[in-house]
Amino acid sequence: MDFIRNFPFFSIIICMFSGIITSVLSGKKARNLCIGAVSIVTILSACVLFYTMQTNVSFIYMMGHFPAPWGNEIRAGILEGVLATVFSLILLLSLVSAYHRTEEDIEATKLNLFYLLIDLLLSSLLAIIYTNDLFTAYVFVEINTIAACGLIMIRQKGRTFGAALRYMVMSLIGSGLFLIGLSLLYTLTGHLLMSPAKEAMAKIIATDSYHMPVLIVLVLMSIGLAIKSGLYPFHSWMPDAYSYSTASASAVLSGLVSKAYIILLIKIIYRVVGIDFIVTSKMMNVLFVFGLVGMIMGSLNAILEKDIRRMIAYSSVAQIGYIYMGIGLGVEQGYVAAVYHILHHAATKALLFISVVGLSNVSGGSKLFPDLRGAGYRHRSAGVAFAVGSFSMVGLPTLSGFISKYLFATAAMSASPKKVFLTLVVLAVSTILNAIYFIHTVVTIYTPAEEEKPEFERHHWREKPWVAFSLLLFIALNFALGVFSQPIVDLITRGLQMFG
Amino acid sequence: MEMFRFMIAAIFMFCGVFCMASAVFGMFRFRYVLNRMHTAATADTFGLLLTMIGLIIWKGFGFEALKMIIIVGFFWVSGPVSSHLIARMEVSTNKKLEEECEVKKYGEL
Amino acid sequence: MENFRLILLIFLVLCALFVSFSKNLLVSVVIFMSYSLIMSIIWVLLESPDLAITEAAVGAGVTSVLFFITLKRIGAIGKEHPDEQDETTKEINSRPAVKQFGKFYKGAAVTLGAAIIFALLLMVSNLPAFGDADNPYNNEVSERYLEKSIEETGAVNAVTGMILDYRAFDTFGESCVLFIAAACVLILLRDDKTDTTAKAIQDEKFEPVSDTILQTSAKILFPAILMFGIYILVNGHLSPGGGFSGGAIMGAGLILHVNAFGYKKTQRFFNEKTYKRVTVCALSFYCIAKSYSFFTGANHLESHIPLGNAGDIISSGLILPLNICVGLVVACTMYAFYTLFKKGGM
Amino acid sequence: MGSNLLVNYESVTAVILFGIGFTNLLLQKNLIKKIIGLNIMDTAVYLLLATQGYIEGRMAPIIVNGNTDPSLYINPVPSGLVLTGIVVSVSVSALMLALTIRLYKRYHTLNLDEILRHIQKEGH
C-alpha cells in the first residue's frame, strides 16, 4: 500500500485543519495559511492524478479499521484526480487574483472568517469528489451549502442577505429531497456505501420487485441535486447569489460549488444504479428536456440583462443546462462531454467573474454597460482576460468551448434519433444567443469612450503583479484546456470506465 | 400484596393527572394573565408530585425511583421560579395593571 | 403501546397544521416547541433513546431558545423604528397583477406539495412492512454493529460505537457543520464596528435585571445542570447520550448562568477568548485523533489505543475523549449562539 | 396503492409531515414560519429514517450485560444517521435565524416578497 494512496485523505484533512486554525488567526496570516493549504492540496491532487494514470486503477481508501459495508471509505480514480486538481487550481487562482477586492469588501476583523469558509468549502468539495458513501456525501453537501451561503453574505450588504436567504431556502429544499431519497434508498438496499448498494440494487432491478419505489427514489435524488445545482426551472436564486457576492466568492460559487452536486449525481448514476437501468427508466429524458429549455432561456435572460455580472450569472444557467443535456443523452460519450463541459465551465466562468471585477474597478465601480465602455484600454490584463473568456464561451476553435460543443454534437449522434435532432438545433441556437451577448460586451469594453471621465484611473499591472500573474495563469489554463483537449478527453473516458 | 400496591399507585397517578387537567381547565377559565399563571403553576407542580409518587410506588424502590425523586426536586425548584419570572415580566410591562387587579403600594403592605 | 403511538402521531400532524395556519408568531413558536417535545417522546417509543435526549436537548431546548430571542430582537428593533412599511409596498400588494400572481404562486406551491405527498405515499405503501425483522435493512451490516461493537470499539452503546468508530467520517463532518454554522453566525451578528465606549454603554443595557429569587435558584440549578450534562457526556459510550446532547445541556446551563448572574460574572470564566481557544483546541484534537485512527486503519497499522474492559467509564479507546471534545464544542457553540443572538458579542 | 399503506402508519405520518413542511417552506411569506416549516420537514425525514430501524418487540441498541445476540436489539444504523441529522438542522436553523435578524434590521419587514422588492428597487 504505497504512500501516495494517502494523498486524497491528506488533502481533505489539510483543508479541514487549516480551516480550524484560521478561526484564531488574524486576516493576513489567515490568507497566507489558506493560500498555502490550497497550493499543497493542488500538488497532492496532481500526484494522485499521475499515480492513478500510471497504475490505471481506482483504489479504495478505508477510513478507519473496518472494510467496506461496515466502515466508511473514499475512492480515488483518474476522474477524481482530474476533477480535484482542476478544482483546487481554479480555487487557488481565483483567490490570488482577487484578494485585494476581497480585502476592500469585507471588514478587517472578519477577513479570517472568509478564509475559514474557503478552506471548509474546498475540503467539502474534495470529500464530495472522493467519497464512496451516500450519507457522508449528504453531510459534506450540507457543509458545502452553509459555506456557500456564508460566502454570499460576507459582504454584509442588504441585498447579499436577501440573496443568501433565497439561496439557503432553495438549497435546503434540494437537500431535503436528496435526504428523503437517500433514506428511502437505504430502506430498499440496506446499504449506505455505494458498492454494496449497487449489488443490492442490481438484485432489486433483476427481480423487479420494487419497480415504483426505485423510480421515485431516483426522481427525488436527481430533482434534489438539480435544485441545488441551479437547473433551469429552479434557477431563481442563481443571478442574485452570483452577482452580489465578492469577486473570488462568485468565481468559486459559479465555477465549483454547483458542479460538485452534478458530480455527485453522475456518481450516483454510475455507482449506485448503473447506466443501463438509467436508460430504460426514461427519467433521464426529464433532465434532458430541462437542460434544453435551460440552455435557451438562460441565454435569452442574459441578453436582456443590463448589469454585466447578472448577465454572466444567467449565462451560468445556460451552461448548467448544457451539462444536464449531456447527462440526459444517456450515452457514454454524453457523460464524457458533460464532465469536459464541467471543467471548461469552471475555468471560463471563474475567469469571467474575476476579469469583470478588474473592469468595474477602473470604471468607477459601476457594472452597467455605458460606464464600462473603453474599460479594456484602462485595465489591459482584465480586458484581455474577459475577451478570452467570452471567446471560449462562444466557442472559438482553439479554446475549450469549441471542444465541448463538438463533444456534445458527436455524443448526440449516437443517442436516439429524436434526441439527435433536438440537441443539434438547440446547440446551434444557444451558441448564436451566446455569441450575441458575449461579443456585444467585448465590443463595448473595447470601443474607446468619447469623453474620458476624469475619475476613471488607468490601471498599470506593475501596481499589483500578483493579480496580473494569476490572470495570465487563468488565461493559460483556458488555452491548455482547449489545446491539449485530446489527452484530457482520453483521461476522462478512462476515468469514467473505471468510475463504475 | 401486589394488587394493593398497584391500587395505591393508581390512585396517586389519577389524582396527579386530575390536577394537571384542572390546570388546563384553569388556563381557559380565567381571563387575566396573572390568574391563569397562578392556576397553571400551582396545579402543575402539585400534579407532578402526585404522579411521580404514584410511579415510585408502582416501580418499587430502586434506581429509577431515585431518578424520579431527583426529577421532582429539579422541577420543584425550576417550575415556580419560571412562573415567578413570567409574572414579574407581566407586572413590569403591563401599563394598565390597576384595572386588572388591585395593587397595594409598597408602603401599605 | 400501539394506539398510544398513533395518538402521538395524530397530535404531531395537528401541531404541524396549527403552526402553519396560526397568525401570531409567538403562538406558532410555542406550538413548534411542543412539536419537538412530542417528537422526542416518539423517539423513546421507537426504542432509540439517543435520539430522544438529543432531540429534547438540542431540538426542543436550544432551537426554541433561539426562536424566542429572534422574536425578542425583532420586537426590540421594531419598537425603535415603528413600522416603516411605506405606502408603495401596500399599494403594490393590492395591484391586481401581484394579487393574481400571489394566487397562482399559492396554487402552484400547494399542487407541488400535494404531488410530492402523493408520490411519497405511493412509495411508502410499497415499502417493506413496519417493524418486522427480515426487512432488507436488517442485514449483516447492523448485525455486525451489534455483535462486535463491544469487542471492536469497546462501546456498550452500539449507536455511539457506530457513530464514533465505524462511521467516524460522518461525525467528523458533522462537527464541522456546527463549526461552520457558528462561523457564519459570527460573521452576521458580531458587531465589531461600535468603539469601546459605545460598547460599554450597550453592555450595560443588556445586563439582566438581578433578581434574587432567580439567583438563589440558579445557585442550586446551575451545578445540577452542569453535573447532569457532564454525566451524559462522559457516559456517552455506556448509556444513551454522548457528545451532542451532553454539550447542549451544558450550553443550557451556561445560558441559565448568564441570565441569572449577568454577563460580568460569566465573562470572568467564559468570554470570547476562552470560546475561541476551547473550540480550536477541542476541534484540532478531534481532527488529529480521527486522522490518526483513519491513517492507521487504512494502512493496516495496529493502533495502540487500549480499549479497556467494557463496563467502566475509562474504556472504548478514543470514544471517550472524542465525546468530551464534541461536548465542549457543542456547549461553547450553543452558548455563543445565545449571546450573539442576544447581544451581538460574547 | 400498495399493500402496506395502513401497516406502516408511522411512515405515512412522516410523509404527510414532509409535505406540510415542504409547502410551508415554499408557501409561507413570513421568514420565521419558513424556518419552522424547514424544521418540520427535517424532523419528518428523520422520523421516516428512524421508523425503518425499528423492529417490533426488541430493545434499544445498548448491549445489556454483555449478551451480544443481534436478535435482541433494533437496527442501530438509522439512529446514528438521525443523530447527525438533528444537529445539522439545528445549525442550519440558527444560521437562517441570524439572517432573518440582519434582514429585519435592514428592511424592517419579515415578508420575503417585500424584501426582494426592496432589493430590486435598490438596484446594483
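Within every chain, numbering begins at 1; the chains are lettered A, B, ... in the order of the sequence lines, protein sequences first and strands thereafter. Keep in mind that what you see is a predicted model, and the values were worked out from it rather than measured.
Interface residue D:T23: only side-chain heavy atoms are found under 4.5 Å from chain C.
By the 6.0 Å and 45° rule, D:R102 does not stack over the aromatic ring of C:F341.
Under 3.5 Å, the side chains of D:Y73 and C:E143 contain no donor-acceptor pair of N or O atoms.
The shortest distance between side-chain heavy atoms of C:L178 and D:V90 does not fall below 4.5 Å. A 4.5 Å side-chain heavy-atom check between D:L81 and C:R167 finds at least one atom pair inside the cut-off. In this structure, the side chains of D:S79 and C:L46 stay at 4.5 Å or more apart for every pair of heavy atoms. Inter-residue side-chain proximity for D:V82 and C:W43 is flagged as met; some heavy-atom pair is nearer than 4.5 Å.
When C:L66, C:L120, C:V29 are compared by the number of non-hydrogen pairs under 4.5 Å with chain D, C:L120 comes out ahead. Between chain C and the options D:L83, D:L95, D:I16, the largest number of non-hydrogen pairs under 4.5 Å is found for D:L83.
Rounding to the nearest 0.5 angstrom, the gap separating the OH atom in D:Y46 from the CE atom in C:M39 is 11.0 Å.
A salt bridge links C:R5 with D:E10: at least one charged nitrogen is closer than 4.0 Å to a carboxylate oxygen.
For the pair D:Q28 (side chain) and C:S20 (backbone), a donor-acceptor distance under 3.5 Å is present. With D:K33 contributing its side chain and C:S22 its backbone, the two residues share a donor-acceptor pair below 3.5 Å.
Paired with C:V177 under the rule side-chain contact (heavy atoms from CB on, under 4.5 Å), one option of D:T84, D:V87, D:V88 passes, and it is D:V88.
When the shell of 6.0 Å around CZ of C:F11 is examined, it contains 12 or fewer heavy atoms from other residues, nucleotides or ligands.
The two atoms that bring D:I86 and C:L51 nearest to each other are CD1-O, 4.3 Å, heavy atoms only.
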